Amino acid sequence: MVIEMLQSLENGFRLFDWYHISWLLFTAFVIYSINGIYSKSDVEKRRIIRVIWALLILMLECIKNLVLVGQDAFWYGSLPFHLCGLGIFIVLAHAFLKGNRMDMLLYCLTMPGAFMSLLTPDWTDMSAFNYLHVHSFLFHLLLFAYPVTMLAAKELQLSIRKIWQPIVFLCVTVPIVYVLNGMWDTNFMFVNKAAEGTPLMLLEQYVGEKYYIFGFIGLVIVFWIILIVPVILWKRR
């Protein structure tokens, strides 16, 4: 039976099957373990952990692209222009720069983006024994764990007054990405159309392909409300 279960992974997996849930549980375990180490570290050691963490995420992305180049499969869609790809640079900036200029970007963009990628991955039809499959889980795991660990360590200075930061970030990047998607036939950030095999397909079916982008924006606003309400309540407390 075990052999049959493993053989079935050659064709990928299904959302929330035993394999997918195993990765989610592993994600929770990694976050718990890293948070335990980080919370017990002094200021200097925390800085070193953040830098190594950010560089590890960047290294995973570089290795992935090298693998694609070696397989002659690298194309425009391989560039890090998805929200999680841009999250690489947000994490790098947070790890290397002083101050808290990246806190709201981590909280409102990187954390929910990576979380949704883990919860509803779009690589379900890829063989579990493919490097790119494993990379996708590990990459998003580390990307999600970073802001969660910073949040648990109370190192993110969150404020409703700084909501303009992720808004400006999206106002600058989304139009550029939208145009690039049209030029390159890509779907960075999933702003042009829904990703196959994800709940975004339900959104596209409900609002229609023509109005998908507006439904997508509405979905982002709902996510932000869910994230910001706890911040407001915490500040009042």
Side-chain angles (χ1 to χ4, degrees), residues 15 54 57-69 71-94 102 104-126 130-144 146-147 165-205 207-224 227:
L15 292 181
I57 292 174
L58 176 62
M59 183 185 71
L60 284 174
E61 181 67 14
C62 292
I63 293 174
K64 180 207 75 173
N65 287 331
L66 287 174
V67 170
L68 290 174
V69 170
Q71 297 176 348
D72 197 26
F74 186 88
W75 71 300
Y76 293 123
S78 306
L79 296 171
F81 290 160
H82 275 293
L83 184 58
C84 290
L86 297 175
I88 299 171
F89 308 105
I90 295 175
V91 170
L92 282 168
H94 182 272
M102 298 294 134
M104 287 298 285
L105 296 183
L106 280 173
Y107 183 72
C108 292
L109 297 177
T110 303
M111 186 176 72
F115 174 72
M116 290 307 299
S117 292
L118 288 169
L119 198 65
T120 59
D122 63 342
W123 57 90
T124 55
D125 58 346
M126 188 182 298
N130 186 308
Y131 167 77
L132 297 176
H133 176 108
V134 178
H135 163 271
S136 296
F137 270 118
L138 288 178
F139 173 80
H140 290 96
L141 185 161
L142 292 174
L143 196 63
F144 174 60
Y146 186 92
Q165 293 175 346
I167 291 177
V168 170
F169 183 90
L170 290 182
C171 286
V172 171
T173 57
V174 168
I176 295 174
V177 164
Y178 191 86
V179 172
L180 291 178
N181 284 338
M183 292 172 53
W184 295 341
D185 193 26
T186 52
N187 192 26
F188 294 123
M189 291 189 175
F190 308 124
V191 295
N192 291 61
K193 58 183 179 180
E196 293 289 341
T198 69
L200 289 176
M201 292 292 295
L202 298 177
L203 174 65
E204 186 177 69
Q205 292 174 6
V207 301
E209 185 177 346
K210 182 178 180 180
Y211 300 103
Y212 166 75
I213 183 62
F214 300 106
F216 189 81
I217 293 173
L219 188 63
V220 171
I221 292 174
V222 170
F223 262 93
W224 279 2
L227 289 171

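Just so we're clear, the structure is a prediction, and the values are computed from it rather than from any experiment.
- Two residues are said to be in side-chain contact when any heavy atoms from C-beta on lie closer than 4.5 Å; Leu60 and Ile57 fail this criterion.
- Taking the side chain as every heavy atom from C-beta outward, Tyr146 and Thr110 never approach each other to under 4.5 Å.
- Within the 4.5 Å cutoff, no side-chain heavy atoms of Val174 are placed close to those of Phe188.
- Judged by distance alone, with hydrogens and angles left aside, the side-chain atoms of His133 form a donor-acceptor pair with the main-chain N or O of Met126 at under 3.5 Å.
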N/O donor to acceptor pairs below 3.5 angstrom from side-chain atoms of residues 77-91, sequence neighbours left out:
{"from": "Ser78", "atom 1": "OG", "to": "Trp75", "atom 2": "N", "distance (Å)": "3.3"}
{"from": "Ser78", "atom 1": "OG", "to": "Trp75", "atom 2": "O", "distance (Å)": "3.4"}
{"from": "His82", "atom 1": "ND1", "to": "Met189", "atom 2": "N", "distance (Å)": "2.9"}

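- Side-chain contact between Leu180 and Tyr76 is absent, with no heavy atoms from C-beta onward closer than 4.5 Å.
- For His135 and Phe139, the ring centers sit closer than 6.0 Å to each other.
- Between the CD atom in Glu61 and the CG atom in Leu143 there is a gap of 10.0 Å [rounded to 0.5 Å].
- Atoms CZ and CG, on Phe115 and Leu141 in that order, are 12.5 Å from each other to the nearest 0.5 Å.
- Annotation for Asp185: atom CG does not count as buried by contact number, only 12 or fewer foreign heavy atoms lying within 6.0 Å.
- Contact check for Leu109 versus Leu170: side-chain heavy atoms found under the 4.5 Å cut-off.
- Side-chain contact between Trp224 and Pro166 is present, with heavy atoms from C-beta onward closer than 4.5 Å.
- The CG atom of Leu66 lies 11.5 Å from the CD atom of Gln71; values are rounded to the nearest 0.5 Å.
- The salt bridge (charged side-chain N to carboxylate O under 4.0 Å, His left out) test applied to Glu204 returns no partner, not counting sequence neighbours.
- For the atom pair CE (Met201) and NZ (Lys193), the distance works out to 9.5 Å, reported to the nearest 0.5 Å.
- Using a 30° and 60° split on the angle between ring planes, Tyr212 and Phe216 fall in the tilted class, from 30° to 60°.
- For the residue pair Leu106 and Pro147, the shortest heavy atom distance occurs at O-CB, 4.0 Å.
- A 4.5 Å side-chain heavy-atom check between Leu132 and Trp123 finds every atom pair outside the cut-off.
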>> Evaluate Phe214 against Val207 for side-chain contact (heavy atoms from CB on, under 4.5 Å), listing each step before the verdict.
In response: CA-CA 9 Å; Phe214 300 106; Val207 301; over 6 Å; no

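- Between Asp122 and Ser117, every side-chain heavy-atom pair lies at or beyond the 4.5 Å cut-off.
- Nearest heavy atom pair, residue Asn192 against residue Asn187, reads N-OD1, 3.4 Å.
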